[in-house]
Every structure is written in C-alpha cells, then in structure tokens.
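We number each residue from 1, following the sequence as shown. Just follow the structure's listing: the first ligand is 1, and inside any ligand the first atom is 1.
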Amino acid sequence: MRFARFFCSRFSPFKMAKYNLVFVLGPPGSGKGTQCSKIVENFGYVHLSAGDLLRAERNNPGSQYGEMIEDYIKNGLIVPVEITCKLLERAMKDSGKMSFLIDGFPRNEDNLQGWNKQCGEKVNLHFVLFFDCSLETCTERILARGAAGSGRVDDNKESLKKRFDTYMNSTMPIISHYESLGLVRKLDASRSPDEIFKDVKELFSKIN
Ligand SMILES: Nc1ncnc2c1ncn2[C@@H]1O[C@H](COP(=O)(O)OP(=O)(O)O)[C@@H](O)[C@H]1O
Ligand SMILES: Nc1ccn([C@H]2C[C@H](O)[C@@H](COP(=O)(O)OP(=O)(O)O)O2)c(=O)n1
Ligand SMILES: [Mg+2]
C-alpha cells in the first residue's frame with residue numbers, strides 16, 4: 001500500500017509529486033545563509049542560494065552569462081529571472097530531493113513573475129521565512145565578512161549601498177505580497193544565531 005502511494009505520487013502521469021519549498025528572504029547580511037545551514041543540519045532540506053548559484057555560473061568558463069552576472073552582482077542589481085530560474089530548476093532536479101530552502105529568491109517582481117510562470121505549479125510553498133534586521137546591523141556584518149576575506153566583489157561599502165537600495169525598492173514589495181497571502185513568518189534577526197534558530201526550529205517542527 002505504501003509502495004503504491006509512493007509509486008503513484010512519483011510516477012503517475014495524473015498526479016505529479018510537488019517540490020516542498022520555503023523561500024528565505026531578508027536584507028543582505030541578515031543571516032539567511034547562516035540559518036539555512038542550521039536548517040539543513042536539523043531538518044534535511046536542500047539549501048539552494050540563488051546568489052551562490054549565480055556566482056558559480058559566473059565562474060563557469062563555459063557560461064555565456066559570466067560577465068553579465070558579474071556586472072549585476074557588483075552593482076547590486078537582480079539578474080534576469082530566466083537565468084536564475086533555470087539554475088534553480090536544474091539544481092532542484094539534479095539533487096534528486098523534494099524539499100528545498102530557496103535562499104535570496106524571489107527578490108523582485110521579475111523573479112516572482114518568472115518563477116510563478118515557470119515553476120509555480122510544480123511546488124508547494126510552505127511559507128516565506130523573513131529575517132528582519134536593521135540595515136546598520138547588516139552593514140556591520142557584511143563589512144566584517146568582507147574584511148575577513150569573503151572574496152565577494154559586492155562585500156564593500158559602494159556595492160552594499162546599491163544592494164540595500166535594491167532590497168528596499170524591489171524586495172520589500174515581494175515580502176509585502178507574500179504577507180498579504182498570509183505566508184510570511186517574520187523573525188527578529190538582530191539576535192544571536194542560536195537565539196534566532198530557536199524560533200526557526202519551532203516553525204519547521206510545525207511543517208508536516
Ligand atoms: N545572528 C547573527 N549575529 C551576528 N552575525 C551573524 C549572524 N548571522 C550571521 N552572521 C554573520 O554575518 C555575515 C552575514 O551572514 P549570512 O548568513 O551570510 O547572511 P546573508 O546570507 O543574509 O547575507 C556572516 O559573516 C555571518 O557569519
Ligand atoms: N534572486 C537573486 C539573488 C541574488 N542575485 C544576485 C544579486 C545579489 O546582490 C547577489 C548576491 O546575492 P546573495 O543572496 O548571495 O547575497 P546575500 O546573501 O543577501 O548577502 O546575487 C540575483 O541577481 N538574483
Ligand atoms: Mg547569503
């Protein structure tokens with residue numbers, strides 16, 4: 001019986017299993033990556049950071065998008081969704097898994113529309129985890145990360161100002177959109193990683 005249910009949910013042409021998803025948003029430096037690592041350790045999700053996937057694509061010598069991605073990232077701008085969505089979809093497929101944390105996406109209206117069009121039907125979005133943190137605190141964290149040798153072309157004052165502008169003007173409206181759908185779980189991300197994770201844990205324990 002269990003096998004039959006598994007077989008039908010996986011392979012039946014009539015009922016395709018959907019990916020389980022949590023979007024993770026918050027300003028640069030709010031701790032998205034840090035908390036995602038803890039969620040992976042404790043709850044077995046696959047962590048897909050849109051920024052990490054774009055940086056890997058930029059470093060791929062065979063990519064036709066390398067220079068373009070570098071330009072967008074340095075200027076704190078959001079890469080067109082066709083590229084990001086393709087990278088996310090490929091990573092989801094290649095993982096062979098069904099539950100994902102999608103970190104740093106969707107970050108603007110183009111991301112949201114493109115995702116809904118291309119992947120909306122294939123996923124079950126549990127909620128949007130929103131790490132709320134003042135830009136002052138985020139600035140301190142990002143500049144410390146740059147000084148400690150992150151090697152990122154955008155962990156500097158000039159790029160960071162542009163990233164914050166993009167966050168305020170383009171990402172906040174996406175968070176408001178999900179808020180109006182009752183899907184946002186907002187946490188105070190100015191606390192220590194362990195304190196934040198206590199709340200994160202509670203949210204993930206309630207899934208399923
Ligand atoms: N709660 C926290 N308190 C202090 N520093 C943090 C916290 N969470 C993350 N950091 C540090 O701040 C920097 C940015 O964290 P990161 O997880 O990469 O954030 P994001 O992915 O949102 O940019 C990293 O150097 C990280 O070690
Ligand atoms: N959906 C996304 C996510 C990131 N990017 C680009 C533009 C962002 O400024 C950079 C870095 O994103 P990343 O999520 O790694 O940065 P933070 O974790 O917020 O510090 O990547 C994008 O174009 N589209
Ligand atoms: Mg990150």
Just going by heavy-atom distances, which of Arg58, Arg152, Lys162 is nearest to atom 11 (C) of ligand 2?
Arg152
Could you work out, for atom 7 (C) of ligand 2, the closest of Leu160, Leu77, Val79 by heavy-atom distance?
Leu77
Closest non-hydrogen protein atom to [atom], residue and atom name please, with distance?
atom                    : value
atom 24 (N) of ligand 2 : Ile78 CG2, 3.6 Å
atom 15 (O) of ligand 2 : Arg55 NH2, 2.8 Å
atom 13 (P) of ligand 2 : Arg107 NH1, 3.8 Å
atom 21 (O) of ligand 2 : Ile73 CG1, 3.8 Å
atom 2 (C) of ligand 2  : Gly104 O, 3.5 Å
atom 22 (C) of ligand 2 : Leu54 CD1, 3.3 Å

Which is it for Arg55 and Asp52 under the salt bridge (Lys or Arg N to Asp or Glu O under 4.0 Å) test, yes or no, and what are the steps along the way?
CA-CA 5 Å; Arg55 281 185 285 275; Asp52 286 350; 2.7 Å; yes
Provide the number and element of each atom of ligand 2 under 4.0 Å from a heavy atom of [X].
X      : value
Pro28  : 19 (O), 20 (O)
Arg145 : 20 (O)
Phe105 : 1 (N)

Any protein heavy atom nearer than 4.0 Å to atom 4 (C) of ligand 2
yes
Under 4.5 Å between side-chain heavy atoms, counting indirect links through other Ile/Leu/Val/Met/Phe/Trp/Tyr residues: same cluster for [X] and [Y] or not?
X      : Y     : result
Tyr178 : Tyr19 : yes
Met168 : Tyr72 : yes
Ile142 : Leu77 : yes
Val200 : Phe43 : yes
Val128 : Ile78 : no

Salt bridge (Lys or Arg N to Asp or Glu O under 4.0 Å) assessment of Lys198 paired with Asp194
CA-CA 6 Å; Lys198 272 187 210 156; Asp194 285 345; over 6 Å; no
Protein residues that have a heavy atom under 4.0 Å from any atom of ligand 1, sorted by chain and number:
Pro27, Pro28, Gly29, Ser30, Gly31, Lys32, Gly33, Thr34, Arg141, Arg145, Arg191, Ser192, Pro193, Ile196
Are any of the N or O atoms of [X] closer than 3.5 Å to those of ligand 2?
X      : value
Asp52  : no
Arg163 : yes
Ala50  : no
Lys32  : yes

For Trp115 and Phe105, take the angle between the two ring planes, folded into 0 to 90°, and tell me which bin it lands in: parallel under 30, tilted 30 to 60, perpendicular over 60.
perpendicular
Do the side chain of [X] and the main chain of [Y] share a donor and acceptor less than 3.5 angstrom apart?
X      : Y      : answer
Arg107 : Ser170 : no
Ser159 : Asn156 : no
Lys18  : Met98  : no

contact_flag Tyr72 ligand 2 heavy-atom lt 4.0 Å
no
Residues Arg58 and Asp71 bridged, charged N to O under 4.0 Å
no
Measuring centre to centre across the rings, with the benzene-like ring taken for any Trp, is Phe197 within less than 6.0 Å of Phe204?
no
Could you tell me if the side chain of Cys119 sits less than 4.5 Å from the side chain of Met92, heavy atoms only?
no
